[in-house]
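In what follows, a structure is listed as structure tokens, so that the remarks can point back to it.
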Amino acid sequence: LEQTNLLLVEMTRFDQVAMQDALARDPSLMFLTDGPTLPEQLDDATWDRVAEELRDRGIPPFVAAKFRPWFLSLMLATPACAMEGMASPEAGLDFMMMDAAATLGLPQQALEPWDTLFTIFESGTEEEQLDALRASIIDPELQEQSFVATIDGYFSGDIARVWELGRLTADDMPGTTPEEAAAMFAEFEEMLLLRRNRAWVDVIETAAAEHGEVMVAAGAAHLPGEEGVLNLLARRGWTIARLD
């Protein structure tokens, strides 16, 4: 950070405050404010399973009954055993870097608008969101094992293998064939990673042209793959070198 002129992150603290303000003003961003609740939209067996998973995470089911399906899907993607350790996002590496940059008086900029993920997840139909919610209910033991493997892969720098593990785990989604699971995972990958990667490269290049040395701190899953940020930059003439 001492050798750079700008820190690029997925969401700055300023953006986080803007998001919290927007959620306070418009609860419909996260909650179903009209129409049927989730227990009314899901069959009894599915909601009972969701409710069980929620209780394991210390979340009253009656509260989550009004969550938007995509938000609840993301919540259930984190195994119950990891919820406590992830309760404070302030411990994340990007927040540590933002604090260090602030101490240095270093400018910070977001790679994308704060509402990007809201827009992405809301772009699907209600039924598609419900399908994603159903698919997020996998065997707890398998989910915990996958989560441990993800953390181990992250700290060993084996990010591409971690992402492919997620693709394999998708085969065990309940109520779907392997072909349906693969199609759902590919759509998820396009929305959550690839589309954003392509947009970020323009932001990175503009920032580098204006500021010279820049540092980008983003989720590791955005790095590998043919359409990962590294390969996208390389195809535009950047030289990629790994620092160990």
Side-chain angles (χ1 to χ4, degrees), residues 1-24 29-30 70-71 74-75 77-78 82 85-123 150-151 153-160 162-163 166 188-225 227-236 238-244:
L1 283 171
E2 293 175 344
Q3 301 172 26
T4 191
N5 302 318
L6 176 72
L7 173 63
L8 286 166
V9 292
E10 293 188 43
M11 181 183 291
T12 65
R13 289 191 183 277
F14 177 83
D15 293 317
Q16 187 180 42
V17 171
M19 180 184 70
Q20 292 169 344
D21 288 345
L23 291 173
L29 289 170
M30 190 178 298
W70 67 263
F71 180 73
L74 294 181
M75 184 176 294
T78 302
M86 297 181 69
S88 174
E90 297 293 313
L93 182 57
D94 50 353
F95 281 96
M96 296 166 63
M97 294 181 68
M98 284 190 283
D99 288 342
T103 299
L104 294 170
L106 188 67
Q108 303 176 38
Q109 177 184 324
L111 285 160
E112 61 190 10
W114 67 261
D115 61 349
T116 297
L117 288 178
F118 288 84
T119 302
I120 288 174
F121 287 116
E122 282 298 326
S123 64
T150 297
I151 299 299
Y154 172 82
F155 283 106
S156 65
D158 204 0
I159 306 304
V162 166
W163 188 252
F188 176 78
E189 182 179 45
E190 171 63 27
M191 291 193 308
L192 192 63
L193 288 184
L194 307 186
R195 185 185 306 173
R196 297 166 69 205
N197 290 350
R198 294 189 288 267
W200 287 2
V201 168
D202 290 333
V203 176
I204 293 169
E205 290 204 314
T206 299
E210 295 176 353
H211 297 273
E213 297 286 339
V214 300
M215 176 176 285
V216 182
H222 291 279
L223 298 180
E227 291 194 79
V229 170
L230 299 183
N231 271 327
L232 292 176
L233 288 171
R235 289 204 289 269
R236 294 194 182 194
W238 289 60
T239 298
I240 307 299
R242 179 171 183 153
L243 302 180
D244 291 316

Leu8 side, atom CG; Gln108 side, atom CD - distance, nearest 0.5 Å: 10.0 Å
Shortest non-hydrogen contact from Leu1 toward Ala100: CD1-CB, 3.6 Å
Going by the side chain to side chain contact (heavy atoms under 4.5 Å, CB included) test, name the single residue among Thr12, Val216, Val229 that passes it with Leu111. Val216
Derivation and outcome, side-chain contact (heavy atoms from CB on, under 4.5 Å), residues Asn231 and Ile240: CA-CA 8 Å; Asn231 271 327; Ile240 307 299; over 6 Å; no
Rounded to the nearest 0.5 Å, how far does CG of Leu6 lie from CD of Gln109? 5.5 Å
Pair Ile120-Arg196, side-chain contact (heavy atoms from CB on, under 4.5 Å): steps then yes or no: CA-CA 10 Å; Ile120 288 174; Arg196 297 166 69 205; 3.7 Å; yes
Evaluate the side-chain proximity of Asn197 to Val201: yes if any heavy-atom separation is below 4.5 Å, no if none is. no
Do the non-hydrogen side-chain atoms of Phe121 and Leu192 ever get within less than 4.5 Å of each other? yes
Would a 4.5 Å heavy-atom cut-off, applied to side chains only, mark Glu205 and Trp238 as touching? yes
For Met11 and Met19, which heavy atoms make the closest approach, and how far apart are they? CE-SD, 3.9 Å
About how many Å separate CG of Leu193 and CD of Glu227, when rounded to the nearest 0.5 Å? 10.5 Å
Please report the interatomic distance CZ(Arg242) to CG(Leu223), rounded to the nearest 0.5 Å. 9.5 Å
What verdict does the side-chain contact (heavy atoms from CB on, under 4.5 Å) test give for Arg13 and Asp99, after you've listed the backbone C-alpha separation in whole Å, the side-chain angles of each residue and the deciding distance to 0.1 Å? CA-CA 9 Å; Arg13 289 191 183 277; Asp99 288 342; 2.8 Å; yes
Separation between CG (Leu93) and OH (Tyr154), nearest 0.5 Å, reads 5.0 Å
Taking Asn5 for the side chain and His211 for the main chain, is one N or O donor matched with an acceptor at less than 3.5 Å? yes
For Met30 and Leu23, which heavy atoms make the closest approach, and how far apart are they? CE-CD1, 3.6 Å
Would a distance-only check, ignoring hydrogens and angles, find a side-chain to backbone donor-acceptor pair under 3.5 Å from Glu10 to Gly219? yes
Residue pair Val203, Glu112: steps toward the side-chain contact (heavy atoms from CB on, under 4.5 Å) verdict: CA-CA 8 Å; Val203 176; Glu112 61 190 10; over 6 Å; no
Working to the nearest 0.5 Å, report the span between CH2 of Trp114 and OG1 of Thr116. 9.5 Å
Could you tell me which non-hydrogen atom of Leu7 sits nearest to which non-hydrogen atom of Met97, and how far apart they are? CD2-O, 3.8 Å
Classify the ring geometry of Trp70 against Phe118: parallel below 30°, tilted from 30° to 60°, perpendicular beyond 60°. perpendicular
